[in-house]
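Throughout, a chain's letter reflects where its sequence line sits, starting with A, and its residues are numbered from 1.
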There are 2 protein chains.
Amino acid sequence: MASFSQDSYSQHDKMYVATDCIIFGFDEGRIKLLLFKRRVAPFEGDWSLIGSIVKLEEDVEVSAKRVLEEITGLQNVFMEQLKAYGAANRDPGYRCVSIGQYALIRINDYDRKLVEKHGAHWHDIEEVPDLVLDHNQMVKDAQERLKRKARYQPLGFELLPEKFTIPQLQQLYEAIYQKELDARNFRKKVLSHNVLIKLEEKDKTSSRRGAFLYKFDHKTYKKLMKSGYNFEIS
Amino acid sequence: MASFSQDSYSQHDKMYVATDCIIFGFDEGRIKLLLFKRRVAPFEGDWSLIGSIVKLEEDVEVSAKRVLEEITGLQNVFMEQLKAYGAANRDPGYRCVSIGQYALIRINDYDRKLVEKHGAHWHDIEEVPDLVLDHNQMVKDAQERLKRKARYQPLGFELLPEKFTIPQLQQLYEAIYQKELDARNFRKKVLSHNVLIKLEEKDKTSSRRGAFLYKFDHKTYKKLMKSGYNFEIS
DNA sequence: ACAAAAGTGTTTGCGTTACACCCATGG
DNA sequence: CCATGGGTGTAACGCAAACACTTTTGT
């Protein structure tokens with residue numbers, strides 16, 4: 001019954017509801033996390049996730065997307081709710097429930113000036129500093145979610161540029177799973193899904209020979225999804 | 001940064017935070033859901049999940065467990081957060097974010113009088129009536145979560161009495177997956193995990209011959225978990 | 001010519017699936 | 001004695017894992 005208890009509303013407590021964004025990127029073969037250095041008290045100088053307090057008339061999801069856009073300049077980003085963090089004492093200041101949301105962004109798309117202006121920096125996911133409040137827990141939970149969900153949903157493509165090579169895609173999945181993969185089996189597996197479109201161009205930034213670029217075929221993927229298809233990359 | 005925006009707290013909005021419990025049981029070979037018939041306006045006579053508004057000094061998880069205990073008399077129940085529901089207009093009365101939590105209970109353990117007193121009834125999961133607000137969505141999400149999670153975590157045992165037979169366990173998994181399973185393969189699979197203890201007794205309620213009772217071996221399971229074990233029942 | 005990454009097939013083994021008959025018991 | 005659900009083993013198949021060499025090209 002939630003909000004419609006038999007008691008009247010007025011007897012109940014109100015509190016702040018916040019969102020915190022766990023923003024993942026992928027660069028130089030590593031998963032990155034966008035963190036924010038606080039410039040004011042409390043916790044001045046400490047690292048934290050980027051978040052905000054939800055407004056009365058604002059959907060929680062909208063609130064998170066608003067912050068993400070303010071910081072990165074990006075719209076239409078993949079974002080999904082992780083869970084709510086609701087310990088009574090999680091914030092020593094005021095009672096505040098925070099809803100963690102993780103986002104996957106293409107690391108070359110974001111607006112560098114905006115990010116800098118907000119005091120945000122990319123950190124390697126393997127070297128996350130101590131964060132304020134329960135933010136380290138949020139990061140850990142988000143990383144596990146990504147790891148699990150990437151197995152059966154093509155999340156990876158959200159982190160790569162539109163055009164990418166198979167070796168790049170493999171690097172990404174190796175970073176997500178924290179595990180090395182066999183190049184031949186990997187290529188076989190991803191191509192078997194028939195959701196990659198091979199382009200004529202090659203990317204020569206990482207080898208003399210160059211590797212063919214591919215695009216993710218969103219249309220075909222959506223069709224497959226509807227017919228009960230199961231994407232999987234081990 | 002969540003609660004520590006650069007603005008002061010006082011500029012921000014407060015709202016109600018509720019919990020709603022999706023309470024699953026298992027009886028007569030079917031998954032059941034505990035619903036609550038509202039006895040007061042608004043929505044008098046409508047079905048809804050059981051929930052409450054989180055108190056200022058109360059953890060969200062504690063709030064949900066409190067309600068669950070008030071209604072069923074049960075403690076130490078398996079309960080896990082599903083997600084937060086935060087649409088601005090989800091509740092036409094007041095702004096209220098609700099955190100859905102699903103619980104698995106042994107259907108013979110609960111306190112029938114308490115449940116009755118609160119106007120709660122068990123419904124077959126396949127015949128859930130229209131519920132207030134976004135509660136049908138919560139149920140749907142919880143059912144999907146159960147379906148997915150039961151594949152790699154031994155959730156099923158939370159829904160069965162301490163002693164159960166293999167055919168009972170199979171019935172349960174068939175109900176969760178909404179799919180028939182092969183009895184021989186099922187037995188082979190669950191026994192292969194070595195987390196079931198065969199008892200001397202038989203249950204004769206469902207056949208003349210009777211079926212051996214088993215217990216779930218929590219200790220062994222925990223040990224296995226620590227060594228990176230993966231429980232799976234297809 | 002050589003270094004460095006891209007690309008390509010086949011074999012092996014394990015786990016999942018499919019499948020049919022005897023057993024035990026109460027009525 | 002028969003009806004009902006409980007309990008058992010094996011064969012076929014498919015998918016995942018392991019594995020080595022050739023190609024390309026810039027320096």
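At least one test fails for A:Lys219 against the ring of A:Tyr221: distance under 6.0 Å to the centre or angle within 45° of the axis. Cation-pi geometry between A:Lys226 and A:Tyr229 is not satisfied (NZ or CZ under 6.0 Å from the ring centre, within 45° of the ring normal). A:Tyr152 carries B:Arg148 over the face of its six-membered ring, with the cationic atom under 6.0 Å from the centre and within 45° of the normal. Cation-pi geometry between A:Arg106 and A:Phe164 is not met at under 6.0 angstrom from the ring centre and within 45 degrees of the axis.
When the shell of 6.0 Å around NZ of B:Lys202 is examined, it contains more than 12 heavy atoms from other residues, nucleotides or ligands.
DNA chain C is contacted by A:Ser206, A:Ser207, A:Arg208, A:Arg209, A:Gly210, A:Ala211, A:Phe212 of residues 201-215 of chain A, taking any non-hydrogen atom closer than 4.0 Å.
Judged as a side-chain contact (heavy atoms from CB on, under 4.5 Å), and not counting sequence neighbours, the contacts of B:Lys65 are B:Met79. Under the side-chain contact (heavy atoms from CB on, under 4.5 Å) criterion, B:Glu69 pairs with B:Gln75, not counting sequence neighbours. In this structure B:Glu80 satisfies the salt bridge (Lys or Arg N to Asp or Glu O under 4.0 Å) test together with B:Arg145, B:Lys149, sequence neighbours excluded.
Atom CG in B:Leu169 sits about 17 Å away from atom C1' in D:dG5, given to the nearest Å. At whole-Å resolution of the value, CD in B:Gln170 and P in D:dG6 are 9 Å apart. Summarising the geometry, the separation between CZ on B:Phe186 and C1' on D:dG7 is reported as 14 Å, rounded to the nearest angstrom.
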Pairwise N/O distances under 3.5 Å, protein to nucleotides 9-17 of chain D:
unit_1, atom_1, unit_2, atom_2, d
D:dT10, O4, B:Lys188, NZ, 3.0

(request) Tell me, with the steps shown, if A:Arg151 and A:Glu232 meet salt bridge (charged side-chain N to carboxylate O under 4.0 Å, His left out). (result) CA-CA 5 Å; A:Arg151 291 200 176 273; A:Glu232 233 175 271; over 6 Å; no
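A salt bridge links A:Asp124 with A:Arg30; the closest basic N to acidic carboxylate O contact falls under 4.0 Å.
In 5' to 3' order, the nucleotides of DNA chain C bounding all contacts with chain A (an atom under 4.0 Å from a heavy atom) are C:dA3 to C:dT10.
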